[in-house]
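Order of the sequence lines fixes the chain letters, A, B, ..., with proteins taken first and strands second; residue numbering starts at 1 for each chain.
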Amino acid sequence: MTRFIYDLKRTHRAGSLRDTDIGKEVILMGWVQNRRDHGGAIFIDLRDREGVTQIVFDQSIDAKAHEVASQLRSEWCFAVRGKVRSRGGNVNPKLATGAIEVAANLIEIFTRAKTPPFPLDDHADQTAEETRLQYRYLDLRRTPLQRNLQMRSKFNQIVRRALDEEGFLELETPFLIKSTPEGARDYVVPSRVNPGQFFALPQSPQLFKQLFMVAGYDRYFQIARCFRDEDLRAERQPEFTQVDIEMSFCEPSDVQNVVEKLLARAWKELLGVELKLPFERISYQDAMDRFGVDAPDMRYGLELRDVSDLVRESGFKVFADVTRAGGIVKAINITGLGDLSRSELDALTDVVKIYGAKGLAWAKVKEDGEWQSPIAKFFSDAERKAIAERLALKPGDIAAFVADKKTVVNAALGNLRKHLAKTKNLIDKATHRFCWVTDFPLFEYNEEDKRWYAAHHPFTSPRPEDREKLLTDQGNVKALAYDIVLNGVEIGGGSIRIFDHGLQSDLFRALGIEEEEQRQKFGFLLDAFQYGPPPHGGLALGVDRIMMLICGTDSIRDVIAFPKTQKQTDLMLNAPSELAEAQLKELMIKTVVPAKK
RNA sequence: GGGGCGGUAGUUAAGUUGGUUAUAACGCCGGCCUGUCACGCCGGAGGCCGCGGGUUCAAGUCCCGUCCGCCCCGCCA
C-alpha cells in the first residue's frame, strides 16, 4: 500500500459534497460506477454507499493521475485526492452532487474487478433474480438495495431508542431450544454430545419472553431471528426477524399504544409521514364479513355483502342448495371499473377457483336497470331488487357472486377483491392504512382431527366475558388477541397471556391436551407459572414485512441482505449441502434419501 | 404435494408455418476524442438456444421427461 489508507485518510463520502465545499482538497474512496473517457480528460463516477461524485482526471492538471485513471474499469476500487471545483455551466441536475466535481491530482487503484455479470447501475433492476442472488454481494452494491438495508439499519435503531425510552430491556434468548410439536415445522440441530437428540431453532422467543415476565423484568424486547420450516412466499422466508415485545401489568390497549408510538416514530423519521393515532380498530368478524380476509386492505372499497337470505328461496338451484346446506352466498359490486368483457369475467372465475370456489356468477346492470346475466331468469323481480339494493347496484355495475362454504366464499371473494384492486389500479400507493384486527376466535375447529386447536397459541387469554363458554361453547370464545395490519399485510400480532392456573387448565382441557402431555410439552412454563406470574401480554412485529412496505418493494427478499430462494436454497453459498461422512458419523446421524422414481 | 409463468451472447430481449451462417440493444475488447454525465465516433470478439430423450431429410421452434427461478394453493400454533 502506498500513501492512501495510512497517510491519506478519507475526508468525505461521495454524495456529501456540495458547492459550499468548492476549493477544498478532499479524499474519496469507492468504486467506479461509470467512466467517460474523452482522451485528454477522463470522467469517473465514484460511488460509495452515500452516493456518487464525478471525478475528473485532466491531463493538464496531473498527467500521472490521468494515465493511471485511463486503466480504470467498472467496479474497480480506488482512492483519489483532488480539489472540489464548480462544474460551471455543466451542472448535472440528476445528481445531488451535480454542481461540483473533484479534479484529481492523485489516484491509487486498490483492486481491479472482473467485468460484473450484470450491470450495477440504477437502471438494472431487470436482471434475473437468480443471477443477482448468485452474486448477492454485487447486487447489494446497487443503490436500491443500499437504500433498503440502510433504512433497515435505521429502523432497528429507532426501535431500540423508542423502546429503551419506554423502559423496555433488550434481552437475548437462546437459539438452541426444545422442539414443540404444535405450530410450524421446526428446524432442528443435532446434539453431538447427546447422540440421537436434537435441538430446535426457535419459531419465536414466545415462551422465553413470558418467563422474563415471571422473572420480573417487566418490559422486554428483542430484535429476534425466528425460524420456520414452511414453504416460502413473496413475504415469507424460512428465517425472519421480529421485534418481539412483552410487558407486565397490561391490557391490549397498553401494548397497542406502545406499538403505535413506535411505528409512528419510524414512519416519521424514515418516510417523513405523520401517522394519525390511534390506529383504527376492526373486529375479526367485521373483517371477514366485509373483506373476506383477516388482514383487510381498506385502501379501496369493493366490500363483500352477504345475500344468503335473499337467494335462499330463489329459483337458482346452486344458491338455494348451498344456503340450505349451511353455506353462504356473498357478492361484490364491481363498480366503477367499466364494462368487463366475457373473457375478463372468465379470468375472474379462474381467480376464485384458486380458492376452491366452483364458479363465479355475475350480473351486469344495464341502463334500464335490467340484468344482463346467465342467472337473471332464475330470480323474481323482487329478489333482483333486494339484491340490487343490498349491493347498491347502479346501471353499469357488475355483481359477482360466489356460493359455497363460508371459508371458501370469503377466501374466493376476498382475494378476488384484492385481484381487482391490483389489476384495475384502485390502490393509492401513497396511503398507509394501519388497523388493529381484534377479537380473534380463541379456537379453530379442525374437521379432519375433529378437535379444537388454539388459533394463536395455547397461552392466549380468552376475553373475560367468554370465560364460562370455554368448555361448552368453544366456537364463540373470543381471544384477547390482536393483529396489526398495514395495507392488507399482517405486520404483527400478539395477545394477553393466561396467568391464572385454573384458566390455563381449562384451556388445555378444551383443547383436549392431557395433563401428561401438558407437562411433557410445556412443563417448565407451567412450573414457572406456579411462582407468582404477573398479568402480562405482548406482540411481535415482522421486521422484514415492515421494511418491505417502508421501502415500497413487492418482495421481502429486497430488504434481506442474503435471502433464500423459494426452494430454501442460498444460490451464493450453494446451501444446503451434504455433510461429509465423518461429520455425520460424529453426530451419529444416518440419512435416508428416497430414490427418485 | 398441486396450479401458473419463465429459462436464447456477460445482461435484457426478438426469433414467423420446423428450412441457408440464430438477430438487436446495452455491456466487453482495440483505436480516436478535453466537458461528458445511460458521452460520442470507427472497428472487433462473444452462443451447450437450461439439461436429457423423441418425432423429422431438417428442431431455438413440435412432443415427452427433467432441473432451475418467480407467483400462487396447500402449509405457516
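- Of the possible polar contacts, one joining the A:N415 side chain to the A:A411 backbone as a donor-acceptor pair under 3.5 Å is found.
- One finds a side-chain N or O of A:R557 lying less than 4.0 angstrom from the OP1 or OP2 phosphate oxygen of B:rC71.
- Considering only side-chain N and O atoms, A:Q203 lies nowhere under 4.0 angstrom from the phosphate OP1 or OP2 of B:rC76.
- Two residues are said to be in side-chain contact when any heavy atoms from C-beta on lie closer than 4.5 Å; A:R141 and A:W31 meet this criterion.
- Residue A:R73 places at least one side-chain N or O closer than 4.0 Å to OP1 or OP2 of B:rC29.
- Residue A:R185 places its side chain closer to B:rC75 than to any other of B:rG69, B:rC75, B:rG35.
- For the OP1/OP2 pair of B:rU11 and a distance below 4.0 Å, the side-chain nitrogens and oxygens of A:R132 include no atom meeting the criterion.
- Here B:rC72 presents its C1' atom at 11 Å from NZ of A:K418, a figure rounded to the nearest Å.
- Separation of the C1' atoms belonging to B:rC49 and B:rG7 is 10 Å when rounded to the nearest angstrom.
- Contact annotation: A:T97 does not reach the phosphate of B:rC37 (side-chain N/O to OP1 or OP2, under 4.0 Å).
- For A:Q206 and A:D231, each mapped to the nucleotide of RNA chain B holding its nearest heavy atom, the one lying further toward the 5' end belongs to A:D231.
- Atom CZ in A:R87 sits about 19 Å away from atom P in B:rU34, given to the nearest Å.
- In this structure, the side chains of A:P205 and A:Q222 come closer than 4.5 Å at one or more pairs of heavy atoms.
- Nucleotide B:rG43 forms a pair with B:rC29, judged by Watson-Crick or G-U wobble geometry with both contacts under 3.5 Å.
- Taking 4.0 angstrom as the limit, A:T565 places a side-chain polar atom (N or O) nearer than this to OP1 or OP2 of B:rG69.
- The shortest distance between the side-chain N/O atoms of A:K94 and the OP1/OP2 oxygens of B:rC37 is not below 4.0 Å.
- Stacking annotation: A:F118 is not stacked on the base of B:rU11 (requires ring centroids less than 5.5 angstrom apart and an interplanar angle below 30 degrees).
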